[in-house]
Amino acid sequence: MIKRARRLRKNNSIRSLVSETKLHADDFVYPIFIKENITRREAIKSLAGQDYLSQNELQHEIDDLLKLGINAIALFPVISSDYKSRDAHEAYSQENFLNKTVELTQKTHGDSISIITDVALDPYTDHGHDGLLEDGKIVNDRTVEVLCKMALSQAQAGADIVAPSDMMDGRVAAIRETLDRNGFEDVLIMSYTAKYASS
């Protein structure tokens with residue numbers, strides 16, 4: 001059989017289509033840890049060289065990222081222990097710190113930055129798990145219901161992409177159905193983690 005690799009070099013369009021993967025600033029998502037009740041950057045002791053940002057400091061950081069050509073951020077909130085509970089009800093409050101930060105960021109930067117929000121309960125539970133606990137076990141379906149409420153509240157705040165990282169079975173389809181039913185068909189879902197063992 002004759003191999004004709006030249007067909008892959010036929011013209012610029014084909015060569016570009018089949019060329020090696022190229023990384024560009026457009027491909028990057030910048031993870032940012034935001035923390036309430038701070039007014040300026042605060043070092044993250046467990047992540048050398050990384051800082052928690054306040055809502056206002058985040059806006060300045062985005063200005064710098066845009067100058068570098070980075071157009072997407074993923075927000076990870078650090079929540080006050082006052083708002084943590086067994087049922088994680090603060091996770092879907094429209095007034096929670098993350099949602100207020102998303103609203104401010106949308107107001108400040110609009111479509112110039114894509115906002116990705118983490119959909120997981122661990123910042124909001126008093127036990128630190130990504131799911132609701134019942135008799136010492138994670139309750140999948142009840143957790144998915146809360147994750148749907150959480151994703152919807154983030155979409156209502158202005159998130160462009162909701163990103164479940166909790167590993168509950170069926171949550172992506174349930175979140176998609178919830179978003180679509182409530183008029184957020186254009187909000188993307190990015191499931192981005194696989195957790196098999198953790199310490």
Check against side-chain contact (heavy atoms from CB on, under 4.5 Å), Arg9 and Ile14: CA-CA 6 Å; Arg9 300 187 297 272; Ile14 296 293; over 6 Å; no
From [X] [atom1] over to [Y] [atom2], what is the distance, rounded to the nearest 0.5 angstrom?
{"X": "Leu53", "Y": "Thr101", "atom1": "CG", "atom2": "OG1", "result": "10.5 Å"}
{"X": "Lys22", "Y": "His24", "atom1": "NZ", "atom2": "NE2", "result": "10.5 Å"}
{"X": "Gln55", "Y": "Asn37", "atom1": "CD", "atom2": "CG", "result": "10.0 Å"}
{"X": "Thr143", "Y": "Asp130", "atom1": "OG1", "atom2": "CG", "result": "9.0 Å"}
{"X": "Thr178", "Y": "Glu145", "atom1": "OG1", "atom2": "CD", "result": "9.5 Å"}
{"X": "Asp63", "Y": "Ile113", "atom1": "CG", "atom2": "CD1", "result": "9.5 Å"}

Write down the atom of [X], the atom of [Y], and the distance for their closest heavy-atom approach.
{"X": "Pro123", "Y": "Pro77", "result": "CB-O, 3.9 Å"}
{"X": "Ala163", "Y": "Asp118", "result": "O-OD1, 3.4 Å"}
{"X": "Asp166", "Y": "Met168", "result": "OD2-N, 2.6 Å"}
{"X": "Gly131", "Y": "Thr125", "result": "O-CG2, 4.5 Å"}
{"X": "Ile175", "Y": "Ala151", "result": "CG2-CB, 3.7 Å"}
{"X": "Val187", "Y": "Ala155", "result": "CG2-CB, 3.9 Å"}

NZ/NE/NH1/NH2 to OD/OE distance under 4.0 Å, [X] and [Y]:
{"X": "Glu177", "Y": "Arg181", "result": "yes"}
{"X": "Arg176", "Y": "Asp180", "result": "yes"}
{"X": "Lys100", "Y": "Glu103", "result": "yes"}

Ser80-Glu36 side chain donor-acceptor pair, cut-off 3.5 Å: no
When you check the side-chain N and O atoms of Asp160 and Ser114, is any donor under 3.5 Å from an acceptor? no
Judged by atom type as modelled, is there a donor-acceptor pair below 3.5 Å linking the side chain of Ser112 to the main-chain atoms of His109? yes
Any donor-acceptor pair under 3.5 Å from Gln94 side chain to Ser153 backbone: yes
Determine, stepwise, if the pair Ser85 / Asp87 fulfils side-chain hydrogen bond (donor to acceptor under 3.5 Å, both in side chains). CA-CA 5 Å; Ser85 63; Asp87 64 358; 2.8 Å; yes
Could you walk me through whether His127 and Asp122 pass the side-chain hydrogen bond (donor to acceptor under 3.5 Å, both in side chains) check? CA-CA 8 Å; His127 46 70; Asp122 54 313; over 6 Å; no
Audit row: Ile73, Val29, side-chain contact (heavy atoms from CB on, under 4.5 Å) steps and yes/no: CA-CA 5 Å; Ile73 57 170; Val29 174; 5.9 Å; no
hydrophobic_cluster_shared for [Y] and [X], side chain cutoff 4.5 Å:
{"X": "Leu75", "Y": "Ile38", "answer": "no"}
{"X": "Ile116", "Y": "Leu179", "answer": "no"}
{"X": "Tyr30", "Y": "Val102", "answer": "yes"}
{"X": "Val172", "Y": "Met190", "answer": "no"}
{"X": "Val78", "Y": "Leu58", "answer": "no"}

Could you tell me whether [X] atom [atom1] has more than 12 heavy atoms of other residues or ligands within 6.0 Å of it?
{"X": "Asp64", "atom1": "CG", "result": "yes"}
{"X": "Tyr83", "atom1": "OH", "result": "no"}
{"X": "Asp186", "atom1": "CG", "result": "no"}

Is there a side-chain contact (heavy atoms from CB on, under 4.5 Å) between Asp51 and Glu42 once you walk through the steps? CA-CA 5 Å; Asp51 296 326; Glu42 185 179 293; over 6 Å; no
Is the closest side-chain heavy-atom distance between [X] and [Y] below 4.5 Å?
{"X": "Tyr92", "Y": "Val146", "value": "yes"}
{"X": "Leu66", "Y": "Ile70", "value": "no"}
{"X": "Lys35", "Y": "Arg41", "value": "no"}
{"X": "Phe76", "Y": "Ile32", "value": "no"}
{"X": "Ser93", "Y": "Asn99", "value": "no"}
{"X": "Glu90", "Y": "Tyr124", "value": "yes"}
{"X": "Arg86", "Y": "Leu133", "value": "yes"}
{"X": "Phe97", "Y": "Ile34", "value": "yes"}

One pair to check against side-chain hydrogen bond (donor to acceptor under 3.5 Å, both in side chains): Arg171 and Ser191. What are the steps and the verdict? CA-CA 9 Å; Arg171 90 267 205 223; Ser191 180; 3.3 Å; yes
What's the verdict on salt bridge (charged side-chain N to carboxylate O under 4.0 Å, His left out) for Lys84 and Asp126, showing C-alpha distance, side-chain angles and the deciding distance? CA-CA 5 Å; Lys84 296 181 184 225; Asp126 56 10; over 6 Å; no
